[in-house]
**Student:** 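Take this structure, written in structure tokens, and hold onto it; I'll ask about it next.
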Amino acid sequence: MLKQLSVFLENRSGQLVQITEILTKSSVNIRAINIAETNDYGVLRLVVDDNEKALSVLKDEGFIVKTANIVAAAVPDSVGGLNKLLLSISKHDIDIDYMYSIFGKSDGLAYMIFKVKNPDQLINVLQEDGYNIAGPDALGIN
Amino acid sequence: MNNYDIDHIPREELKKLQSERLAAQVKRSYERVECFRNRMDEIGLKPDDIKGVEDLSKLPFSYKSDLRDYYPFGLFAEPMENVVRTHASSGTTGKRIVVGYTKRDLDMWAECIARMLKEIGVGKGDIAQISFGYGLFTGGFGAHAGAEMVGATVVPMSSGNTKLQIQTMIDFGVTLLFCTPSYALYLAEEAEKMGVKDKLKLKYGIFGAEPWTEKMRKDIEKELSIKAYDIYGLSEVLGPGVACECKEQAGMHIREDNFIAEIIDPDTGEVLPEGSTGELVFTSLTKEAFPVIRYRTRDICSLIYEPCKCGCTHIRMNKPTGRSDDMLIIRGVNVFPSQIEEVLLTNGYKANYQIIVDRVGNTDDFEVRVEMNSDNFSDSLGEISRMEKELVSSLKSMLGIQARVRLVTPKSIVRSEGKAVRVIDKRKL
Ligand SMILES: [Zn+2]
């Protein structure tokens, strides 16, 4: 299963660059990034090539980090491609907590990352509808 | 109920009166209050050993924690059928503390304030708006009864709804205002904005329940065109009215026929020489339902023994300059860091927090910074903000006032020499 890291951030300047510095120093490659925020704080979500390493170096620096399972599905590169994908999900009454995009490492495809309560169910549903679910290799994850 | 001459009693006579009352109070408390009797027995002191005020320092102290330990009525010296009123205030933790009054206690409380009103010139024909809260807190009740006692017309407004407060002051021709000093400034500001400040008929204001400065007094007097007087009290001892200013506005006269004040070293408990600054300690002489003996107020101040120009022979106290514990007064409400700690722990946070208080305009800005930890962190922003809202509402129900919560990253709260700084009070008072 694909993993994502989420990090608690305060909304003040310098917090994000502090994290990218730490990851750079540890030679961790960021594959996708997403930030959700309020006025005071935010949650940074990261897909990286080496989860375990990123997790341990960020924790060592005092950040609060959590790991979660995610699902990445290829989005057809045509008008209505994302729309069709979302319809497939909603017709099975699956709630999407949030989503963001990532590009395939070698295939050049656009993938959409989904965070849902039950990722196994989402994978089954999408595979039945003929969607291409990315494994770690496709996204350049070790 | 005309006791006004008591304010001019010669000091020797006052001392005699205090001595008689103290001996009687000690005897009565020993017989009726278990906590006090145990403390006396522990040090081998008998009621007969207390003959007068010179023996006061032999007596054991009493503390706010006693009220928690004997919650709710365990320190009362009267059977409940004689207790006609209770009030409560916040304790250092979730448990409130409760005090009680007999009919005579309430009369004494009213009289303490009536004496002040009479002296500053309030009486029949005056209209008194009480904008202290009415409720379990002692707030408005003493002022209410005192104003009625001198024949003023009372408008029991309670706190809140500023526009209505101002409209009432104008429509009713209010001449005397009771509230917190910061609220007085806020009212002035709002009246100005409404363009009705010149319609106010206020002559005097009596302000208390939170720290304020001479500068604030000048501002209030200028903005509202009134004379602003200070009043002191705490519910454990009586409520506002234990000490009140006179026309001279030079310290608050302690109602020494009802209370003896001492200044002690908060660390050693030693009584300090006249004029020293230290912790204020009160002994009640006439209270029936809830007498206090050497009660540690935790307020730091000094007493003035020089005779006052007004002719009142009772000593005065200066405004408290601080606390010997960590209690904060925010928007007129007592707040203990331990209360905040308790809320955090019950809401699943660690006790890594910092309280930041500032005065913005005329109101207290109150922020609680809380360090996130991995147990309550979620990758969903909605979940975090739901927890944050829950924390805000738990704090509100514990403290009675609204705090702004700010979630911060771990270890971001300033630590000095390894110890976290729990309170940053930026108010210049
Ligand atoms: Zn005086």
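Labels below follow one simple rule: chain letters A, B, ... track the order of the sequence lines, proteins then strands, and each chain is numbered from 1. Since this is a predicted model, take the numbers as computed values, not measurements.
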**Student:** Quick one: closest heavy-atom pair of A/Gly62 and B/Pro410, and the distance?
**Tutor:** O-CG, 3.6 Å
**Student:** Could you tell me the separation between the CG atom of B/Leu407 and the CD1 atom of A/Ile64, rounded to the nearest 0.5 Å?
**Tutor:** 9.5 Å
**Student:** Under a 4.5 Å heavy-atom cutoff, which of A/Leu5, A/Val65, A/Val7, A/Leu9 has the most pairs with chain B?
**Tutor:** A/Val7
**Student:** Which atom pairs, one donor and one acceptor, sit under 3.5 Å between chain B and chain A?
**Tutor:**
residue, atom, partner, partner atom, Å
B/Ser374, O, A/Lys66, NZ, 3.1
B/Phe377, O, A/Lys66, NZ, 2.6
B/Asp379, O, A/Arg45, NE, 3.3
B/Asp379, O, A/Arg45, NH2, 2.7
B/Asp379, OD2, A/Tyr98, OH, 2.3
B/Asp379, OD2, A/Lys115, NZ, 3.2
B/Glu388, OE1, A/Tyr41, OH, 3.0
B/Arg406, NH2, A/Glu10, OE1, 3.3
B/Thr409, N, A/Glu10, OE2, 2.8
B/Thr409, OG1, A/Glu10, OE2, 2.9

